[in-house]
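What follows is one structure encoded as structure tokens, with my remarks underneath.
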Amino acid sequence: SGRPGTGAAYGTNDPTHLLNVPAQRMSAWPDDPDHFCRWLDERAVAPVESFAPRLAYGRYLRDQLLAADVRTEAAEVVGLTPGEPVRIALNDGRSLSADAVVLASGRPQGGMPDSLERAFAPVLAAGADARVVLDPWAAGALAALGARRPASVLVIGSGLTGVDVALHLIARGATVTLVSRGGALPRRFRATGPPAELPNLDALPAEVSLERLRTALAADLVHARVAGVDWRRVIDAVRPRTASLWRSLGWEDQRRFLREDLRQWEVL
């Protein structure tokens, strides 16, 4: 895109789209946890104890990049040759070399599941595609829909993107209906205190089954409830452990998690 620091999450221009983590926990610098709060305070963007607009966070990240020793190239990578150094071929004929390569490709291109694509085929074939938004994060898609001021909109999905779309359209006078298989909205954030102890999850070995992982998480939730600790503090404590817990599962159990557990995890 040539716009580093924004991506899908922070590329929105709608001030109703907020971060889902409080500003106090969103510093770009681990050794300076108040850095983002000071940035907000200097610009009077939002109270530092609140959830800041995502567009403000995009500007904050761009500010950090501008002050850093970073060179940005707008191009498509078409080839990569391992070695010392690694050689990267670009679509404009140039090549770059690097000691290490990090793939930070962002979210996949939007599109409909096969079942929805079949269901919508007659509508799209009839030329009503302007009324069906397949990817609300495609450049200008959400703004174009809101500019048409539709009276009613059906949003398929009730996750974070569904909530973002609903907020954008409700502010422009639309009646929005969310529909999903589970019918669950993301749970509301509450400031409930520091992350909880996770004695059962922390006792797991380096390789574990999905059943054992589920049992350990359930036990830690019970442990928290008995101690009068809000379940959100358990989820907060799991966050920094998610990568290692994911790696502890085998390939089949990872697939099962995506199939059977992912929606509930996203809601919580």
Side-chain angles (χ1 to χ4, degrees), residues 5-11 17-33 35-36 51-52 54 57-58 60-61 64 100-108 110 137 157-164 180-182 184-227 229-268:
T6 57
Y10 313 128
H17 293 163
L18 306 180
L19 295 170
N20 61 354
V21 174
Q24 302 100 309
R25 289 163 51 189
M26 289 298 291
S27 171
W29 307 104
D31 56 351
D32 188 358
H35 190 268
F36 180 50
F51 296 84
R54 295 210 300 268
Y57 196 70
Y60 167 70
L61 291 182
Q64 307 316 300
V101 174
V102 176
L103 300 182
S105 56
R107 54 184 287 281
W137 297 125
S158 60
L160 296 178
T161 293
V163 171
D164 278 341
S180 75
R181 288 171 295 183
L185 288 168
R187 294 294 185 91
R188 182 182 295 272
F189 184 93
R190 293 198 185 104
T192 54
E197 299 282 326
L198 300 178
N200 294 281
L201 281 176
D202 285 342
L204 292 175
E207 296 182 7
V208 69
S209 68
L210 181 58
E211 283 76 12
R212 190 170 176 186
L213 179 57
R214 287 169 172 165
T215 300
L217 177 57
D220 281 334
L221 286 165
V222 170
H223 181 264
R225 186 166 63 247
V226 169
V229 172
D230 191 282
W231 63 267
R232 293 167 180 82
R233 292 171 61 183
V234 175
I235 299 300
D236 282 343
V238 173
R239 289 179 193 274
R241 295 166 168 84
T242 51
S244 59
L245 290 172
W246 179 252
R247 288 195 299 268
S248 73
L249 295 172
W251 169 244
E252 288 299 329
D253 275 341
Q254 288 179 345
R255 293 182 65 186
R256 282 185 59 213
F257 177 88
L258 294 177
R259 188 171 61 248
E260 300 171 13
D261 300 72
L262 180 62
R263 296 295 169 256
Q264 181 66 7
W265 170 254
E266 288 178 335
V267 164
L268 297 179

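Just so we're clear, the structure is a prediction, and the values are computed from it rather than from any experiment. Start at 1 with the first residue, then count along the sequence.
- Open room surrounds CD on E207; 12 or fewer heavy atoms of other groups in view lie less than 6.0 Å from it.
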Begin from the C-alpha positions of W231 and R225 and carry the test side-chain contact (heavy atoms from CB on, under 4.5 Å) through to its verdict.
-> CA-CA 7 Å; W231 63 267; R225 186 166 63 247; over 6 Å; no
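- Below 30°, between 30° and 60°, or above 60°: for Y60 and H35 the angle between ring planes is between 30° and 60°, a tilted geometry.
- Separation of atoms CZ (R54) and CG (D164) is listed at 4.0 Å; rounding is to 0.5 Å.
- For the atom pair L217 CG and L245 CG, the distance stands at 9.0 Å (nearest 0.5 Å).
- The shortest heavy-atom contact between V163 and S158 is CG2-O, 4.3 Å.
- Between L61 and G5, the shortest heavy-atom distance links the atoms CD1-O, 3.4 Å.
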Assess whether side-chain contact (heavy atoms from CB on, under 4.5 Å) is satisfied between W265 and T242, documenting all intermediate values.
-> CA-CA 11 Å; W265 170 254; T242 51; 4.0 Å; yes
Run the side-chain contact (heavy atoms from CB on, under 4.5 Å) check on L201 and L213 step by step: do they pass?
-> CA-CA 7 Å; L201 281 176; L213 179 57; 3.5 Å; yes
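- Legend: residues meeting side chain to side chain donor-acceptor pair (under 3.5 Å) with T161, ordered by chain and number and at least two apart, are W137.
- Going from atom CD of E197 over to atom CZ of R233 covers 9.5 Å, rounded to the nearest 0.5 Å.
- More than 12 heavy atoms of other residues, nucleotides or ligands shown are found within 6.0 angstrom of CZ on R214.
- Of all non-hydrogen atoms in V229 and A196, the two that sit nearest each other are CG1-CB, 4.0 Å.
- Among all heavy-atom pairs drawn from F36 and L19, the shortest one is CE2-CD1, 4.0 Å.
- Although no hydrogens or angles enter the test, the distance criterion places no donor-acceptor pair under 3.5 Å between the side chain of D236 and the main chain of P195.
- Nearest heavy-atom pair across L210 and F257 is CD2-N, 3.9 Å.
- At most 12 non-hydrogen atoms from other residues, nucleotides or ligands lie less than 6.0 angstrom from CZ of R181.
- Rounding to the nearest 0.5 angstrom, the gap separating the CG atom in L198 from the CD1 atom in I235 is 9.0 Å.
- Counting all heavy atoms, side chain and backbone alike, R232 lies closest to R188 at NE-O, 2.9 Å.
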Evaluate the criterion side-chain contact (heavy atoms from CB on, under 4.5 Å) for residue pair L185 and V267; output intermediate values, then yes/no.
-> CA-CA 6 Å; L185 288 168; V267 164; over 6 Å; no
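- From R241, atom CZ reaches atom OG of S248 across 12.5 Å, with rounding to the nearest 0.5 Å.
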